[in-house]
Number of protein chains: 2
Amino acid sequence: MKNKIRDLRTARNMTQEDLAEIIGVSRQTINAIEKGKFDPSLPTAFKMSKLFKLPIEQMFLFEE
Amino acid sequence: MKNKIRDLRTARNMTQEDLAEIIGVSRQTINAIEKGKFDPSLPTAFKMSKLFKLPIEQMFLFEE
DNA sequence: TACTTTTGTAAAGCAAACTTTACATAAAAA
DNA sequence: TTTTTATGTAAAGTTTGCTTTACAAAAGTA
């Protein structure tokens, strides 16, 4: 699953640390998600959706 | 997090077992999600979204 | 009623999401 | 160049999504 988190974050001049604090996860978790190491949980995806004002489907690209 | 999985499933005359097989999880997992025992992973949510032809946000109601 | 299907749930175990600590590298700023 | 900030990554541990097995109860059907 690809995602646009890094682009959305940097476009807002936020650091991984900033985003992590707002979302309520660790900086390493943001880094891992941006790097595609693993997918976020549904609650984490929802929090990002709310912050970036974009539907989950537009931030995360699901591919079978 | 509330969800409409049970309604969507029964509206299509599917059993938990049917849905589980299509989505690729166990029947107990479907039951737990319907009962709100836990949230599905993002990939599982995407599969349901595809099957029911509804955006994730319309199937799962996130509440802080 | 008797039988079959569907649902609910519990226990034990595995895997993935996430944590904390820690350190190394890269990039930006002084 | 020196110092600070931001990013990358690793290791060990916790939590949660999910599995299998198993059984009980509810609901539908003969």
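Throughout, a chain's letter reflects where its sequence line sits, starting with A, and its residues are numbered from 1. Hydrogens, waters and symmetry mates play no part in the numbers below; they use all other heavy atoms, side chains included.
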### Query
How long is the span from the CD atom in B:E17 to the CG atom in B:N31, to the nearest 0.5 Å?
11.5 Å
Find every protein N or O atom lying less than 3.5 Å from an N or O atom of nucleotides 11-14 of chain C, and list the pairs.
none

### Query
What is the distance from atom CE of B:M1 to atom CE of B:M59, rounded to the nearest 0.5 Å?
11.0 Å
### Query
What pair of heavy atoms forms the shortest contact from B:L42 to A:P40, and how long is it?
CB-O, 3.6 Å
#### Entry: Name of the residue among A:I56, A:L54, A:T44 meeting side chain to side chain contact (heavy atoms under 4.5 Å, CB included) with A:S49
A:I56
### Summary
To the nearest 0.5 Å, atom CD of B:E34 lies from atom OG1 of B:T29 at 11.5 Å
### Message
Using every non-hydrogen atom in the two residues, find where A:M48 and A:I5 come nearest and quote the distance to one decimal.
### Response
SD-CD1, 3.7 Å
### Message
Quick check: closest heavy atoms across A:F60 and B:F46, and the distance to 0.1 Å?
### Response
O-CZ, 3.4 Å
### Query
Atom CG of B:L19 to atom C1' of C:dT7: distance rounded to whole Å?
14 Å
### Message
Are there over 12 heavy-atom neighbours, none belonging to B:K47, within less than 6.0 Å of that residue's NZ?
### Response
yes
### Message
Minimum heavy-atom separation for A:M14 and A:R9, please, with both atom names.
### Response
O-NH1, 2.9 Å
### Query
In Å, rounded to the nearest 0.5 Å, how long is the span from CZ of B:R6 to CD1 of B:I33?
12.0 Å
### Query
Going through the checks in order, is the side chain to side chain contact (heavy atoms under 4.5 Å, CB included) test met by A:R12 and A:F52?
CA-CA 9 Å; A:R12 285 162 181 74; A:F52 293 131; 3.5 Å; yes
### Task
Determine the contact category for A:T15: base if any of its heavy atoms lies under 4.0 Å from a base atom, sugar-phosphate if only primed atoms, P, OP1 or OP2 are that close, otherwise nothing.
sugar-phosphate
### chain A contact limits on DNA chain D, taken 5' to 3' with a cut-off of 4.0 angstrom to heavy atoms
D:dA6 to D:dA10
### Message
Rounded to whole Å, how long is the line connecting atom CZ of B:R27 with atom P of C:dT5?
### Response
14 Å
### Summary
Note: contacts of residues 35-56 of chain A with DNA chain D (heavy atom, under 4.0 Å) are A:K35, A:K37
### Query
Atom CD of B:E21 and atom P of C:dT5: how far apart are they, to the nearest Å?
14 Å
### Query
For the helix from C:dT1-D:dA30 to C:dA30-D:dT1, what is the angle between the axes at its two ends, each from 5 pairs, rounded to 10°?
50°
### Nearest heavy atoms of A:E57 and B:E57, plus distance in Å
OE1-OE1, 2.8 Å
### Task
Would you give the length of the straight line joining atom NZ of A:K50 to atom CD1 of A:I23, rounded to the nearest 0.5 angstrom?
10.5 Å
### Query
Do the side-chain N or O atoms of B:N31 get closer than 4.0 angstrom to the phosphate oxygens (OP1, OP2) of C:dG8?
yes
### Task
Decide yes or no on side chain to side chain contact (heavy atoms under 4.5 Å, CB included) for B:R27 and B:E21, but give the supporting numbers first.
CA-CA 8 Å; B:R27 178 181 67 82; B:E21 278 175 21; over 6 Å; no
### Query
Honestly curious: do A:L61 and A:L8 fall in one hydrophobic cluster under the side-chain, below-4.5 Å linking rule?
no
Contact list (N/O, under 3.5 angstrom) for nucleotides 28-30 of chain C vs protein:
none

### Summary
Between the CD atom in A:Q16 and the OG1 atom in A:T10, the distance rounded to the nearest 0.5 Å is 10.5 Å
### Step-by-step side chain to side chain contact (heavy atoms under 4.5 Å, CB included) determination, B:L51 to B:L19
CA-CA 9 Å; B:L51 175 66; B:L19 179 54; 3.4 Å; yes
### Message
Below 4.0 angstrom, which residues in residues 1-9 of chain A have at least one non-hydrogen atom near DNA chain D?
### Response
A:R6, A:R9
